[in-house]
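First up is the structure itself, then whatever we jot down about it.
If you read the sequence from its start, that first residue is 1, and numbering goes on from there.
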Amino acid sequence: MYESPETTPRRRVGRPSKRILSMRLIVDRALEIVTNEGLDSLTMSRLAGALEVTPAALYNHVSSKDEILREVQDRIMGQLDLDGFDEDPWPVALRRWAVSYRNTMAAQPDLIALIALMPINGARATTVMYERVATALSSYGWPKESIVPTIVALESFVFGSAYDALAPANIFELEADADAPVFTAANRAQLEAEPDRSAAEIAFHTGLDALLEGFTKRMGVPWPAGLCHTSSSTEDE
């Protein structure tokens, strides 16, 4: 039956009255909360408030906080530099990956413990990252039983270095009357030797150099000919 324009309901123009959610938006807000307020503040009700929806509406898109945390983990892992595994010698590729991992985690310190302890099952991008690194190590000649220990050893070092990057510059400064002349002189010497690097950068690359050198001996993988055994000061940029 024909209805006149006066009686036909008109379609509302402009934005819909209900907030349209997507996983990208949910993860964006979750990361904002973690960055600005800390991981403990990330609750479903707090996240729903940040998204301007009800908790019930949020649960229509995600099943639990654990699902959100897996998506957050995937977002972080998706930022790591994996390109070196396609084009660079193995020490350079591992260094690029480790440097990007450390810098990414230093920017999100509240997530370090979470990512270090959270199972990766269900985290798609995280699984892709581990598979990419494992495949590269296998192609470099790593023994199969040593691939995962190598990844975990590097990650353990990266997580600690990410925390160290946040330490105050004067963390090792002592009063003039402190009874630690050798340590005080050593601390001053490292900064004088590399004035363009912070103490955290010096420590990170010292440890990473040692790990990479150790891998070539322990895994029986030759060091690429002509490649410098130490890092350059521009690799963190």
Discussion item. Please report the interatomic distance CZ(Phe85) to CZ(Arg132), rounded to the nearest 0.5 Å.
Written reply: 8.0 Å
Worksheet entry | Cluster link Tyr163 to Phe172, ILVMFWY, side chain under 4.5 Å | no
Worksheet item: Taking a hydrophobic cluster as the set of Ile, Leu, Val, Met, Phe, Trp and Tyr residues connected by side-chain heavy atoms closer than 4.5 Å, whether directly or through intermediates, do Met44 and Leu111 fall within one such cluster?
Response: yes
Worksheet item: What is the minimum heavy-atom distance between Leu174 and Ala180, and which atoms define it?
Response: CD1-CB, 3.8 Å
Discussion item. Do Glu173 and Thr184 have side chains that approach each other closer than 4.5 Å (heavy atoms only, starting at C-beta)?
Written reply: no
Worksheet item: Would a distance-only check, ignoring hydrogens and angles, find a side-chain to backbone donor-acceptor pair under 3.5 Å from Glu67 to Ser63?
Response: yes
Discussion item. What I want to find out is whether Arg95 reaches Asp88 closely enough, with some N-O distance under 4.0 Å, to be called a salt bridge.
Written reply: no
Fill in: CZ-CE distance between Arg124 and Met129, expressed to the nearest 0.5 angstrom
15.0 Å
Worksheet item: Do Leu208 and Leu212 touch side chain to side chain, with heavy atoms closer than 4.5 Å?
Response: yes
Practice prompt. Find out whether Tyr130 and Glu155 are in side-chain contact, i.e. whether some heavy atom of one side chain is under 4.5 Å from a heavy atom of the other.
Written response: yes
Discussion item. As an exercise, state the distance from CE of Met118 to CZ of Arg70, rounded to the nearest 0.5 Å.
Written reply: 5.5 Å
Discussion item. Could you measure the distance from the CD atom of Gln108 to the CG atom of Asn103? Nearest 0.5 Å is fine.
Written reply: 13.0 Å
Worksheet item: Is there a donor-acceptor contact under 3.5 Å from the side chain of Ser156 to the main chain of Val152?
Response: yes
Worksheet entry | Same cluster (ILVMFWY, side-chain, under 4.5 Å), Val34 and Ile112 | yes
Item to complete: First locate atom OG1 of Thr135, then atom CG of Leu82, and finally report the distance between them rounded to the nearest 0.5 Å.
Response: 11.0 Å
Worksheet item: Are more than 12 heavy atoms from other residues, nucleotides or ligands located less than 6.0 Å from atom CD of Glu87?
Response: yes
Practice prompt. Check the pair Leu31 / Ile76 against side chain to side chain contact (heavy atoms under 4.5 Å, CB included), numbers first and verdict last.
Written response: CA-CA 10 Å; Leu31 278 171; Ile76 295 298; 4.3 Å; yes
Worksheet item: Between Asn187 (side chain) and Phe183 (backbone), is there a donor-acceptor pair under 3.5 Å?
Response: no
Discussion item. Is any side-chain heavy atom of Leu42 closer than 4.5 Å to one of Leu69?
Written reply: yes
Discussion item. Does any part of the side chain of Ser146, heavy atoms only, come nearer than 4.5 Å to the side chain of Met219, both counted from C-beta?
Written reply: yes
Worksheet item: Does a side chain donor of either Tyr101 or Gln79 reach within less than 3.5 Å of an acceptor in the other side chain?
Response: no
Fill in: Spacing of Thr216 atom OG1 and Leu227 atom CG [to the nearest 0.5 Å]
10.5 Å
Discussion item. So if I apply the side chain to side chain contact (heavy atoms under 4.5 Å, CB included) rule between Arg24 and each of Glu71, Arg29, Arg75, which one comes out positive?
Written reply: Arg75
Practice prompt. Compare all side-chain heavy atoms of Gln190 with those of Arg197 and state whether any distance is below 4.5 angstrom.
Written response: no
Worksheet entry | Audit row: Val221, Phe215, side chain to side chain contact (heavy atoms under 4.5 Å, CB included) steps and yes/no | CA-CA 7 Å; Val221 179; Phe215 289 149; over 6 Å; no
Discussion item. Looking at Ser100 and Trp97, would you say the former's side chain and the latter's main chain have a donor-acceptor pair under 3.5 Å?
Written reply: yes
Practice prompt. Test Met77 against Ile115 for side chain to side chain contact (heavy atoms under 4.5 Å, CB included), laying out the working first.
Written response: CA-CA 9 Å; Met77 292 303 188; Ile115 290 176; 3.3 Å; yes
Practice prompt. Compare all side-chain heavy atoms of Pro89 with those of Val92 and state whether any distance is below 4.5 angstrom.
Written response: yes
Practice prompt. Step by step, work out the side chain to side chain contact (heavy atoms under 4.5 Å, CB included) result for Leu137 and Leu94.
Written response: CA-CA 9 Å; Leu137 291 176; Leu94 282 176; 4.1 Å; yes
Worksheet item: Would you call Glu37 and Arg46 a side-chain contact if the rule is heavy atoms closer than 4.5 Å?
Response: yes
Discussion item. Would you call the rings of Tyr140 and Trp90 parallel, tilted or perpendicular, taking 30° and 60° as the class edges?
Written reply: tilted
Fill in: Joint hydrophobic cluster, Leu25 plus Met23, side-chain heavy atoms closer than 4.5 Å
yes
Worksheet entry | Hphob cluster co-occupancy, Val133 + Val148, side-chain heavy atoms under 4.5 angstrom | no
Practice prompt. Using the test salt bridge (Lys or Arg N to Asp or Glu O under 4.0 Å), find all partners of Asp81 that sit at least two apart in sequence or belong to another chain.
Written response: Arg96
Item to complete: Kindly confirm or rule out a cation-pi arrangement of Arg102 over Phe204, judged by NZ or CZ under 6.0 Å from the six-membered ring centre and within 45° of its axis?
Response: yes
